[in-house]
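As structure tokens, the structure follows; a few thoughts come after it.
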Amino acid sequence: MNKILPLLIGCNNNSHSQKNCDVVTSAHRQRCPQANGLENLAPLVSSVEETPDPIPTTIKGTIPAWINGSFLRNGPGKFEFGKDRYTHWFDGMAMMHRFHICNGNVTYSSRFLQSDSYVRNSEKNRIVVSEFGTLAMPDPCKNIFARFFSRFQIPKATDNASVNFVKYKGDYYVSTETNYMRRVDPQSLETKEKVDWSQYIAVNSATAHPHYDREGATYNMGNSYGKSGFFYNIIRVPPPEEKAEAQDSADLNGAKVICSIRAAEPRKPSYYHSFVMSENYIVFIEQPLKLDLLKFMLYRIQGKSFHKIMTWEPQNETIFHLVNRHTGKESEVRYRAAPMFTLHQINAFEDNGFLVMDMCCGDDGEVIGDFTLENIRRGLGEEMDKFYNSLCRNLPRRYVLPLNVDEQTPLDQNLVTLHNYKATAKKTKPREVYMTHEELHDDELLQYGGLEFPQINYDQYNGRPYRYFYSCGFGHVFSDSLLKMDVHTKELKSEGDIYPVFVASPKATEEDDGVVLSVIITPREEKSTFLLVLDAKTFTELGRAEVPVNIPYGTHGVFNEMG
């Protein structure tokens with residue numbers, strides 16, 4: 001078992017500190033075992049046909065009869081049109097999957113999202129809409145002057161919503177990270193209208209990871225930029241009205257920006273995939289993974305795809321912006337930490353004057369651009385091993401923000417007084433606090449290659465003190481194990497593979513009373529996919545539903561109880 005190497009606390013903007021940052025990244029990778037003889041993943045990122053009509057599955061073991069609903073998943077499912085091929089895994093056309101569970105039986109269906117991107121590409125039989133890592137080339141039928149000037153036009157954002165299923169006012173949408181979503185029918189997977197956030201509220205994008213409060217409101221984050229600068233905006237969409245007439249149309253009416261946070265660097269705002277929410281606060285994490293807006297304006301002229309404008313700048317620290325979600329007021333205290341990269345938060349809760357935040361973190365934000373299809377499809381053995389061993393490992397961390405910092409708060413003293421917490425927070429000057437994290441795991445997790453895609457018992461414990469989360473272990477480029485973590489003891493249990501979703505049992509009295517659902521996909525053989533059902537408490541298999549068709553590797557999923 002590898003010995004944990006000490007991590008450096010911070011990096012300043014000079015050549016010596018840049019060398020230190022490189023040491024941090026190198027040490028972080030070395031903490032997990034090096035891979036040897038990894039399998040080829042090409043079958044998991046190959047185009048498949050849709051299965052619009054539900055088909056039966058083969059049940060082995062027992063699927064609990066009390067599970068009644070649909071496990072909905074999303075992800076890329078088509079990677080070429082005609083002779084054109086996508087460059088990055090994120091670019092594949094969105095495919096929605098539905099595992100309908102009722103009385104111990106399971107059926108499977110899937111449909112491609114009928115986005116404008118999918119329809120236009122299909123009509124032309126080539127890639128005509130640019131995606132995250134693939135730049136659409138000018139129409140070869142145009143004359144040379146038209147093709148030249150088309151490079152100076154900023155392309156419209158894609159509506160290829162392949163990241164997640166989200167809910168607003170009771171309706172399901174599929175979402176990506178542009179200003180467009182698509183409303184969908186969660187039972188038939190039918191594509192409905194395209195929804196443009198900018199028609200409801202002054203933002204140019206929104207994340208695919210909103211949060212929900214117990215009153216039914218939805219919170220999200222989006223960008224806006226103009227003459228006054230670049231802002232990160234916290235959005236609130238109200239709950240559905242109790243007496244509102246049922247209507248088959250999108251409804252984001254009442255959405256408003258409750259807080260606008262000015263970017264530290266207006267020409268280089270930070271990339272973010274999600275955010276933190278507790279019962280009373282929202283925290284936006286401004287990390288040193290930057291979007292170069294000048295390059296964004298020029299990238300089409302230069303023939304570069306969107307992911308080329310993202311740069312990892314570890315000479316910059318991480319800034320945590322604390323906002324009261326009831327008043328929309330941002331704290332005057334500036335919370336800082338060493339440079340780190342995060343995609344997904346686990347949970348956050350308040351405890352005796354502190355905000356405790358748990359999240360999956362790494363020390364290298366360049367990983368997003370690395371997931372090209374060329375890299376993922378590398379040959380088995382040495383080629384794949386080399387790629388995997390170069391990737392940063394994400395591990396669970398805990399940060400603790402002191403909420404009551406004022407002029408009387410002493411300097412250079414650890415303000416974290418919570419029992420058994422190892423994270424620190426020190427006031428370094430007026431209105432400024434520097435934090436160090438606690439590793440929320442022990443050495444055993446390193447053998448699984450770190451973890452990502454965390455899930456909790458969201459309905460009951462989001463924003464509240466909790467004990468368990470479920471996630472994916474990364475002993476391969478794509479996840480190859482399911483993990484259950486006890487954040488009190490740091491004890492780990494493992495099983496299976498791929499993105500987990502927790503479903504509580506109807507009469508649950510304990511946090512982990514229920515099941516964990518996951519779709520298991522392996523490159524080892526054709527048509528070997530199955531829905532796995534684990535007892536959440538013991539983390540042992542209850543049953544599985546084998547699917548007789550190929551399913552590509554996906555991203556996120558939700559459980560729809562009304563399915």
Side-chain angles (χ1 to χ4, degrees), residues 44-52 70-81 84-99 108-124 126-134 136 155-168 171-197 205-210 250 273 305-307 368 371-373 376 453 478 498-499 501 519 521 529 549-558 560:
L44 305 190
V45 287
S46 297
S47 297
V48 299
E49 298 295 325
E50 63 182 4
T51 309
S70 295
F71 184 22
L72 305 173
R73 299 188 72 250
N74 199 359
K78 184 174 177 61
F79 300 93
E80 66 282 314
F81 284 94
D84 290 355
R85 301 289 184 269
Y86 286 113
T87 302
H88 200 281
W89 175 50
F90 295 170
D91 301 341
M93 293 291 97
M95 183 178 231
M96 301 173 289
H97 309 265
R98 177 179 184 248
F99 293 84
Y108 168 77
S109 57
S110 65
R111 280 191 172 186
F112 282 110
L113 179 70
Q114 298 298 304
S115 61
D116 289 351
S117 300
Y118 179 86
V119 172
R120 290 180 60 196
N121 292 337
S122 298
E123 289 173 347
K124 299 291 185 180
R126 65 183 185 87
I127 297 173
V128 298
V129 179
S130 294
E131 300 291 341
F132 174 76
T134 305
K156 293 182 179 180
T158 180
D159 65 336
N160 177 35
S162 62
V163 179
N164 204 3
F165 280 86
V166 298
K167 288 182 76 173
Y168 295 96
D171 285 332
Y172 274 97
Y173 299 79
V174 285
S175 179
T176 179
E177 295 186 328
T178 69
N179 56 307
Y180 295 121
M181 299 187 297
R182 278 282 184 170
R183 194 167 69 91
V184 295
D185 185 321
Q187 296 191 41
S188 67
L189 301 182
E190 176 189 356
T191 301
K192 298 198 172 185
E193 70 267 40
K194 181 168 72 172
V195 178
D196 183 350
W197 274 103
S205 67
T207 81
H209 287 291
H273 187 69
S305 56
F306 179 77
H307 79 284
I368 290 182
F371 276 74
T372 63
L373 289 169
I376 297 172
F453 299 113
F478 285 160
I498 312 302
Y499 184 83
V501 166
V519 179
I521 302 173
T529 301
V549 297
N550 289 329
I551 299 178
Y553 189 87
T555 49
H556 298 285
V558 298
N560 174 25

Problem set entry | Nearest heavy atoms of G77 and M95, plus distance in Å | CA-CB, 4.1 Å

Problem set entry | Side chain N160, main chain S117, donor-acceptor under 3.5 Å | no

For this session: Count the heavy atoms belonging to other residues, nucleotides or ligands that lie under 6.0 Å from CD of E49, then report whether that count exceeds 12.
Result: no

Problem set entry | Between OG1 on residue T529 and NE2 on residue H97, distance to nearest 0.5 Å | 9.5 Å

For this session: Would you mind reporting whether E131 and F90 have side-chain heavy atoms less than 4.5 Å apart?
Result: no

Exercise. Between the side chains of R98 and S70, is a donor N or O closer than 3.5 angstrom to an acceptor N or O?
Worked result: yes

Seminar exercise, completed: Minimal heavy-atom distance between N164 and H556, with the atoms involved, is OD1-CB, 3.2 Å

Exercise. Do I551 and S110 come close enough that some side-chain heavy atom pair is under 4.5 Å?
Worked result: no

For this session: Apply side chain to side chain contact (heavy atoms under 4.5 Å, CB included) to the pair I376 and F478, showing each step before the final yes or no.
Result: CA-CA 9 Å; I376 297 172; F478 285 160; 3.9 Å; yes

Exercise. Judged by atom type as modelled, is there a donor-acceptor pair below 3.5 Å linking the side chain of S175 to the main-chain atoms of M181?
Worked result: no

Exercise. Any idea which heavy atoms bring R111 and L189 closest together, and the distance?
Worked result: CD-O, 3.6 Å

Problem set entry | Minimal non-hydrogen separation, F112 against V48, with atom names | CZ-O, 3.4 Å

Problem set entry | Sequence-distant partners of N74, side chain to side chain donor-acceptor pair (under 3.5 Å), two or more places apart | none

Problem set entry | Short N-O contact, R183 and E193, less than 4.0 angstrom | yes

Exercise. At what distance, to the nearest 0.5 angstrom, does CD1 of I127 lie from OH of Y86?
Worked result: 4.5 Å

For this session: For the residue pair V129 and N121, establish whether any side-chain heavy-atom pair is separated by less than 4.5 Å.
Result: yes

For this session: For residues E177 and H273, determine if any side-chain heavy atom of one lies less than 4.5 Å from a side-chain heavy atom of the other.
Result: yes

Problem set entry | Ring centres under 6.0 angstrom apart (Y168, W197) | yes

For this session: Taking the side chain as every heavy atom from C-beta outward, state whether L113 and Y118 have any pair of such atoms under 4.5 Å apart.
Result: no

Exercise. Counting distance only, does the side-chain N/O of D91 pair as donor-acceptor with the main-chain N or O of G133 below 3.5 Å?
Worked result: yes

Exercise. Does S162 reach the main-chain N or O of M93 with its side chain, forming a donor-acceptor pair under 3.5 Å?
Worked result: no

Problem set entry | Residue pair F165 / V184, side-chain heavy-atom distance below 4.5 Å | yes

Problem set entry | Donor-acceptor under 3.5 Å (S130 side chain, A136 main chain) | yes

For this session: Using salt bridge (charged side-chain N to carboxylate O under 4.0 Å, His left out) as the criterion, list what pairs up with D196, not counting sequence neighbours.
Result: none

Seminar exercise, completed: Shortest non-hydrogen pair, A161 vs A94, comes out as O-CB, 3.5 Å

Exercise. Are any non-hydrogen side-chain atoms of V558 and Y172 less than 4.5 angstrom apart?
Worked result: yes

Exercise. Is a salt bridge present between D116 and R182, judged by a nitrogen-to-oxygen distance below 4.0 Å?
Worked result: yes

Exercise. For the residue pair Y553 and W89, does the interplanar ring angle fall in the parallel (under 30°), tilted (30 to 60°) or perpendicular (over 60°) class?
Worked result: tilted

Exercise. Heavy-atom distance under 4.5 Å between the side chains of L72 and M96, does that happen here?
Worked result: no

Exercise. Does one side chain, of T178 or T158, offer a donor that lies under 3.5 Å from an acceptor on the other?
Worked result: no

Exercise. Do the ring planes of H88 and F132 sit parallel (below 30°), tilted (30 to 60°) or perpendicular (above 60°)?
Worked result: perpendicular

Seminar exercise, completed: Heavy atoms of S46 and P552 approach each other most closely as O-CB, 4.2 Å

Exercise. Is the backbone N or O of Y180 less than 3.5 Å from a side-chain atom of D159, with the two atoms forming a donor-acceptor pair by type?
Worked result: no

